[in-house]
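The structure under discussion appears below in the form of structure tokens.
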Amino acid sequence: MNADVAVENTSAIALWNDPTAPVSARVDALIDAMTLEEKTAQLYGVWVGASDEGGEVAPHQHEMEEPVDLDALLPTGLGQLTRPFGTVPVDPALGALSLARTQARITATNRFGIPALAHDECLAGFAAWGATAYPVPLSWGAAFDPALVREMAEAIGRDMRSVGVHQGLAPVLDVVRDARWGRVEETIGEDPYLVGTIGTAYVQGLESAGIVATLKHFAGYSASRAGRNLAPTSMGPRERADVLLPPFEMAIREGGARSVMNAYTDTDGVPSAADEALLTGLLRDTWDFDGTVVADYFAIAFLKTLHGVAADWADAAGTALRAGIDVELPNVKTYGAPLTEAVADGRVPEALVDRAVRRVLTQKVALGLLDPDWNPLPAALDATDEDDPSALRGRIDLDGPANRALARTLAEQAIVLLSNDGTLPLDRPRRIALIGPNADEPTAVLGCYSFPQHIGVRHPDTPLGIELPTLRETLAAEFPDAEITYARGTGVDDGDLSGLAEATRLAREADVTLVVLGDRAGLFGRGTSGEGCDVATLALPGAQQQLLDTLLDVETPVVTVLLAGRPYALGRAVGESAAIVQSFFPGEEGTRAIAGVLAGRVNPSGRLPVSVPRGPGSQPGAYLGAPLAHASEVSSIDPTPAFAFGHGLSYTRFEWTDLAVEAQEAPTDSEFALSLTVCNTGKRSGTEVVQLYLHDPVASVVQPVQRLIGYSRLALEPREARRLRITIPADLASFTGRDGRRVVEPGELELRLSASSADPRLTARVTLTGAERHVDHTRRLHATILQEQTT
């Protein structure tokens, strides 16, 4: 069909609307019928906010963009609607009606009746007013439980679908390289295997609910210099390949992610948004990814304004399109008029537009958006609801009992007991001194991408939308017979020391002191943790360390509780605090989970997804380092952490015994098999996390001292034992060799069965034999760990 001829209104169904036709045929027919302007319209979004009265969405005025004229844009179509629920507070049912009415307008206005794809944030829950605020991804990593994370993500996806959203901008698969970076709270941890397995589970859950999962940020964002947001990234191709890329590779191959978002940063002078070798060569040609690549917000314009690799908007559009970015988000800036003009005058080949729009339309067809029976109203609403929108308020509950139970389970599993001299669990204390800036603050459990902290702070007169009990409130419920006295002591970051005297007095009068410290999540300097909230050192913010030290000088035992978005150096508390409880923004049920751990109702089972530093200035630092990255005699700086990656204590004890290795040698294309027994030797049920690390003592290129290649959670009753049988493919010993190809080399290896990266319990020494062997992205990615009950 010629693009200059209007689409005829006939009784016969158009090929692109025929659900019985092959997807590729439907898409080809549609592209053939479209004008250039109609094609480019599918490649950008418009930032909107749903109406709390049920009317159509309204364009969001952002300080980085000019106002958008929807009336002028919609006749050619629209690719995406940006964050209809994550822009202003709106009742979920009225927001769903608002989105549906807008979709009806969009489909009625463009010639082909193509709806927009609606996306929203869902990093720690659907970022909508009234939706469940789950623990942040750093807590997912602490739980070491992919199955639970998959269940959470499926629940998030169901909630998003229930109001008409199609795509979620999560998970973040950046591997922490410097904990000073503000977005550490959004990551899963400092180990690529942990990030990959947990992140893949999240993708599987979200995709199983019909939501397009978006992997971010591809690639290198977390490795910026000095942990500064958007700063250049300095790394070699080997570090990139072996540390930063594996989580994305796993989430695409095993998770089925249908979208990828580029990183803002440049690596060795090449911005990710302009990196054809990354976005096309690796992602598509090598990994066979066939979904969409969407721009991180304003990233295409940044090629001109921040990176200086584009002369004008058209140049930025052509550069990004050529590299492989299909969709400009959040608004139209470069993929609209600048792109169409550049195609018209020959600066950008129309074939690049066709390539991108084919991917976009393929995704829309797969989502059923072009089927003749597609209805913009989600299942929770019906046509009669449009007659009386006011009656809808409260119809859709995005924070039901099942969600809250799931949030609490994850929060409980993610709490890490760093140290304990026997003070915990608390044994019916008579008088508790509760002190600290996060002890009586409802939002202290939330990360920066939760709705209350991300959007709600700009609407102070609007209720939070969810129940957020403070730790002061949950402790009162957990210890009803105790007298709990409270003092703020100091603020999170205000440096105020006027409350120290009162805090000290209460501590002296108490049986135990609980000091609750940490972060306030925010954006771009409005918090101590979050996007754009980078720090110079890992010292506790404000005067919190001084408060902590003052309380440690009192004879009353001090239990230190952290509600934070990153690990902090705790100074004297490492050796002097009676116990330390680490929680990474545990979500709306977080304070109940912490109270349960303090009381002993919950036996802690979390493990550190990031190392806790001994000193505030030894960054960047992570366990995943080569020998010279660790303590040595040639440097006066000792980066040894206070608490290592994978560390976490329990209220019971576990014994690891009876290591057996089936064969000490195996060819480079084979596998090893070993087994061990883990027994709960304590008096109460508990969970152990068995971690498997690989140490390669001699290799053709420098290797990390060890790296995680497997793990397993074991829930055991007192005196219960289980036998773990582990099969370890030789592929897991592969790394990027000198020629840039991934290689499995013959030689000796150590397989360390450990309680943390610093606590090996059993070690198997094995040898790979035979020829050097090259592997690719189809290699085996996991050890198989089976649990067997023992008699």
V46 and its side-chain contact (heavy atoms from CB on, under 4.5 Å) partner, picked from L74, T82, L73: L73
T132 OG1 to E588 CD distance, which is reported to the nearest 0.5 Å: 5.0 Å
Note, V332 side chain near L78 side chain (heavy atom, < 4.5 Å): no
Side chain to side chain donor-acceptor pair (under 3.5 Å) assessment of T200 paired with E254: CA-CA 7 Å; T200 296; E254 298 183 348; 5.1 Å; no
Any donor-acceptor N or O pair under 3.5 Å, side chains E37, T76: no
Side chain D312, main chain D315, donor-acceptor under 3.5 Å: yes
Shortest non-hydrogen contact from F302 toward Y264: CE1-CE2, 3.6 Å
Minimum-distance pair of heavy atoms, taken over all atoms of R240 and A219: NH2-O, 3.9 Å
Side-chain heavy atoms of P115 within contact of T107, under 4.5 Å: yes
Close side-chain approach of V48 to T87, heavy-atom, < 4.5 Å: no
Partners meeting side chain to side chain donor-acceptor pair (under 3.5 Å) with Y221 (sequence neighbours left out): R183, N229
Closest non-hydrogen atom pair, H307 against P271: CG-CG, 3.6 Å
If you look only at distance, which donor and acceptor atoms sit under 3.5 Å apart when one is on a side chain in residues 162-172 and the other is two or more places apart or in another chain?
from : atom 1 : to   : atom 2 : distance (Å)
S162 : OG     : D159 : O      : 2.6
H166 : ND1    : A118 : N      : 2.9
Q167 : OE1    : Q80  : NE2    : 3.1
Q167 : NE2    : T214 : OG1    : 2.8
Q167 : NE2    : S259 : OG     : 3.1

Verdict with reasoning, I114 to E38, per side-chain contact (heavy atoms from CB on, under 4.5 Å): CA-CA 10 Å; I114 306 172; E38 287 169 332; over 6 Å; no
Charged N-O contact under 4.0 Å between D174 and K216: no
Validation row: L367, V212 side chains within 4.5 angstrom (heavy atoms): yes
Qualifying residues under side chain to side chain donor-acceptor pair (under 3.5 Å), relative to S450, sequence neighbours excluded: none
Pairing residues for Q453 by the side chain to side chain donor-acceptor pair (under 3.5 Å) criterion, not counting sequence neighbours: none
Ring pair (Phe, Tyr, Trp, His ring centres under 6.0 Å), paired with H454, selected from F524, Y449, W129: Y449
Residues D18, R26: salt bridge by 4.0 Å N-O rule: no
Check: D120 side chain, F85 main-chain N or O, donor-acceptor pair, under 3.5 Å: yes
Closest contact, heavy atoms only, A323 versus A273: CB-O, 3.6 Å
Contact summary for L381 and R395, nearest pair of heavy atoms: CD2-NH1, 4.2 Å
Mutual orientation of the aromatic rings belonging to F218 and F248 [parallel < 30°, tilted 30-60°, perpendicular > 60°]: perpendicular
Between CZ on residue R105 and CG on residue N110, distance to nearest 0.5 Å: 12.0 Å
Donor-acceptor pair, side chain of K364 and main chain of G79, under 3.5 angstrom: yes
Verdict with supporting geometry, K333 and E328, salt bridge (Lys or Arg N to Asp or Glu O under 4.0 Å): CA-CA 8 Å; K333 181 74 173 183; E328 179 177 20; over 6 Å; no
side-chain contact (heavy atoms from CB on, under 4.5 Å) between E151 and L406, worked out: CA-CA 8 Å; E151 185 180 354; L406 188 54; 3.7 Å; yes
D52 side chain reached by V88 side chain, heavy atoms, under 4.5 Å: no
From V293, T334, T319, residue fulfilling side-chain contact (heavy atoms from CB on, under 4.5 Å) relative to I325: V293
N-O pairing of E207 and R258 below 4.0 Å: yes
Side-chain heavy-atom pair V149, Y202 within 4.5 angstrom cut-off: yes
Main-chain N/O of E341 paired with R347 side-chain donor or acceptor, under 3.5 Å: no
Pairs meeting criterion side-chain hydrogen bond (donor to acceptor under 3.5 Å, both in side chains) with involvement of residues 276-290, two or more places apart: R284-D326
Lys/Arg N to Asp/Glu carboxylate O, R158 vs E154, below 4.0 Å: yes
Review item, side-chain donor-acceptor pairs of residues 93-101, under 3.5 Å, at least two apart:
from : atom 1 : to   : atom 2 : distance (Å)
S98  : OG     : S51  : N      : 2.9
S98  : OG     : G55  : O      : 2.5
S98  : OG     : V57  : N      : 3.4
R101 : NH1    : G54  : O      : 2.9
R101 : NH2    : E386 : O      : 2.9

Test log, rule side-chain contact (heavy atoms from CB on, under 4.5 Å), inputs W313 and T305: CA-CA 10 Å; W313 302 133; T305 59; 3.7 Å; yes
Any T102 side-chain heavy atom under 4.5 Å of L70 side chain: no
Main-chain N/O of A116 paired to Q103 side chain as donor or acceptor, under 3.5 Å: yes
From CG (L321) to CG (L352), nearest 0.5 Å: 5.0 Å
D296 side chain to M261 backbone, donor-acceptor under 3.5 Å: no
Which atom of N17 lies closest to which atom of L370, heavy atoms considered: ND2-O, 2.8 Å
Side chain to side chain, R779 and L781, heavy atoms closer than 4.5 Å: yes
D28/D32 under side-chain contact (heavy atoms from CB on, under 4.5 Å): CA gap, chis, key distance, verdict: CA-CA 6 Å; D28 287 344; D32 186 50; over 6 Å; no
Passing candidate, side-chain contact (heavy atoms from CB on, under 4.5 Å) with D275, options N262, V270, L282, L283: V270
Inter-residue atom distance F289.CZ - H777.NE2, 0.5 Å rounding: 13.5 Å
